[in-house]
Amino acid sequence: MAWTPIRFSTTVGMLEKLVNAQVNYELHRGHTVELSFIYMSKSEASSSVETKRLIRTKTWTKSSESPHIPRAGPSWFIAVQSDTDLAGEIEVAYWGPAVKA
């Protein structure tokens, strides 16, 4: 069954949302997964989810730092498995706005 990425619309209650989304994604995959977070603009995130391809710009940043931790930089994120080939098709676990510093 195809996975539909979970979209967050707000940063309120972000940590709880992240935990729930992680559990749901791991149930879908059938095993635990380590995720990386790719920070970018809202339009880049939306396009990446829609096309299942990372939009190739120089503005995104890959990190293991969770989006519930306040940070500077791009304001949206997509979460993908850490070992995902970012040059190919990607499966986004969840995405949305990140908590800004």
Side-chain angles (χ1 to χ4, degrees):
M1 176 181 261
W3 173 254
T4 301
I6 299 168
R7 183 182 187 275
F8 302 150
S9 57
T10 178
T11 59
V12 175
M14 178 66 90
L15 183 56
E16 183 178 347
K17 290 179 194 176
L18 292 170
V19 170
N20 289 335
Q22 178 87 22
V23 168
N24 287 331
Y25 188 65
E26 288 177 348
L27 288 172
H28 164 73
R29 300 295 298 169
H31 56 83
T32 58
V33 295
E34 182 178 335
L35 296 174
S36 289
F37 303 97
I38 303 173
Y39 294 93
M40 58 186 56
S41 72
K42 181 179 181 178
S43 64
E44 291 168 332
S46 180
S47 293
S48 294
V49 171
E50 184 179 322
T51 63
K52 298 183 180 180
R53 300 237 177 235
L54 185 61
I55 301 303
R56 290 286 172 191
T57 67
K58 295 181 187 218
T59 61
W60 61 265
T61 304
K62 183 178 177 184
S63 175
S64 60
E65 188 173 279
S66 174
H68 82 280
I69 299 170
R71 61 185 305 282
S75 58
W76 280 66
F77 75 92
I78 60 173
V80 298
Q81 283 190 197
S82 294
D83 60 356
T84 295
D85 175 7
L86 298 178
E89 186 172 289
I90 61 173
E91 181 175 79
V92 175
Y94 45 89
W95 66 293
V99 175
K100 295 295 290 173

**Student:** Give me the atom names and distance for the closest heavy-atom approach of Ala72 to Ala101.
**Tutor:**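 Nearest heavy atoms, Ala72 then Ala101: N-CB, 3.9 Å.
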**Student:** Could you tell me if the side chain of Ile6 sits less than 4.5 Å from the side chain of Asn24, heavy atoms only?
**Tutor:**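 A side-chain contact exists here, since the closest heavy-atom pair is under 4.5 Å.
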**Student:** Going through the checks in order, is the side-chain contact (heavy atoms from CB on, under 4.5 Å) test met by Trp60 and Leu86?
**Tutor:** CA-CA 12 Å; Trp60 61 265; Leu86 298 178; 4.0 Å; yes
**Student:** Strictly distance-based, threshold 3.5 Å: is any side-chain N or O of Glu26 a donor or acceptor partner for the main-chain N or O of Val33?
**Tutor:**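 Here the side-chain-to-backbone pair exists.
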**Student:** Using a cut-off of 6.0 Å, state whether more than 12 heavy atoms not belonging to Glu50 lie near its atom CD.
**Tutor:**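 Count not over threshold, so no.
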**Student:** Over 60° means perpendicular and under 30° means parallel, so tell me whether Phe37 and Phe77 are parallel, tilted or perpendicular.
**Tutor:**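 The rings of Phe37 and Phe77 stand perpendicular, inter-plane angle above 60°.
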**Student:** Is there side-chain contact between Arg53 and Ile90, with heavy atoms separated by less than 4.5 Å?
**Tutor:**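 Result no, sub-4.5 Å side-chain heavy-atom pair not found.
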**Student:** To check you understand the geometry: which heavy-atom pair defines the closest contact between Val49 and Pro5, and what is its length?
**Tutor:**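 Looking at all heavy atoms of both residues, the closest pair is CG1-CG, 3.9 Å.
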**Student:** For Ser48 and Met40, work out which heavy atoms get closest and say how close.
**Tutor:**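 Heavy atoms only, the tightest pair is OG-SD, 4.0 Å.
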**Student:** Determine whether a donor-acceptor pair (N or O, by modelled atom type, separation under 3.5 Å) exists between the side chain of Thr84 and the backbone of Gln81.
**Tutor:**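 Between the backbone of Gln81 and the side chain of Thr84 there is a qualifying donor-acceptor contact (under 3.5 Å).
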**Student:** Rounded to the nearest 0.5 Å, how far does OG1 of Thr32 lie from CG of Leu27?
**Tutor:**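 Spacing of CG (Leu27) from OG1 (Thr32) equals 11.5 Å.
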**Student:** Rounded to the nearest 0.5 Å, what separation is found between the OG atom of Ser66 and the CG atom of Leu18?
**Tutor:**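 Spacing of OG (Ser66) from CG (Leu18) equals 4.5 Å.
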**Student:** Taking all heavy atoms of Lys17 and all of Phe8, pick out the closest pair and write down the distance.
**Tutor:**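 In terms of heavy atoms, the two residues are closest at O-CZ, 3.7 Å.
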**Student:** Short question: side chain of Trp3, backbone of His28 - any donor-acceptor pair under 3.5 Å?
**Tutor:**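 No.
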**Student:** Where is the tightest heavy-atom contact between Ile78 and Val92, given as atom of each residue plus distance?
**Tutor:**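 In terms of heavy atoms, the two residues are closest at CB-CG1, 4.0 Å.
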**Student:** Give me the atom names and distance for the closest heavy-atom approach of Glu65 to Ser63.
**Tutor:**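 Minimum heavy-atom separation between Glu65 and Ser63: N-OG, 2.9 Å.
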**Student:** Between Glu44 (side chain) and Ser41 (backbone), is there a donor-acceptor pair under 3.5 Å?
**Tutor:**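 A pair under 3.5 Å: yes.
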**Student:** Should the ring pair Trp76 and Trp95 be called parallel, tilted or perpendicular, given that the plane angle runs from 0 to 90° and is split at 30 and 60?
**Tutor:**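 If you compare the ring of Trp76 with that of Trp95, the planes turn out tilted.
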**Student:** Just so I know, are the side chains of Thr11 and Met14 near enough to count as touching, which here means a heavy-atom distance under 4.5 Å?
**Tutor:**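 Yes. Closest side-chain heavy atoms under 4.5 Å.
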**Student:** Give a yes or no on whether the backbone of Lys42 and the side-chain of Ser46 come within a donor-acceptor separation of less than 3.5 Å.
**Tutor:**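 Absent.
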**Student:** Would the distance check show the side chain of Ser36 and the main-chain N or O of Lys62 forming a donor-acceptor pair, the cut-off being under 3.5 Å?
**Tutor:**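 Not confirmed, Ser36 side chain does not pair with Lys62 backbone.
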**Student:** Let me confirm one number: the CD1-CG distance from Ile38 to Leu54, rounded to the nearest 0.5 Å.
**Tutor:**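 Between Ile38 CD1 and Leu54 CG, I get 5.0 Å after rounding to 0.5 Å.
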**Student:** Can Arg7 be said to sit on top of Tyr94's aromatic six-ring, NZ or CZ under 6.0 Å from centre and within 45° of the ring axis?
**Tutor:**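 Here Arg7 fails the 6.0 Å and 45° test against Tyr94.
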**Student:** For the pair Thr10 (side chain) and Val12 (backbone), establish whether a donor and an acceptor sit closer than 3.5 Å, ignoring hydrogens and angles.
**Tutor:**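 Flag set: sc Thr10 to bb Val12 pair under 3.5 Å.
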**Student:** Look at the side chain of Glu91 and the backbone N and O of Lys52, then say whether any donor-acceptor pair between them is shorter than 3.5 Å.
**Tutor:**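 Here the side-chain-to-backbone pair does not exist.
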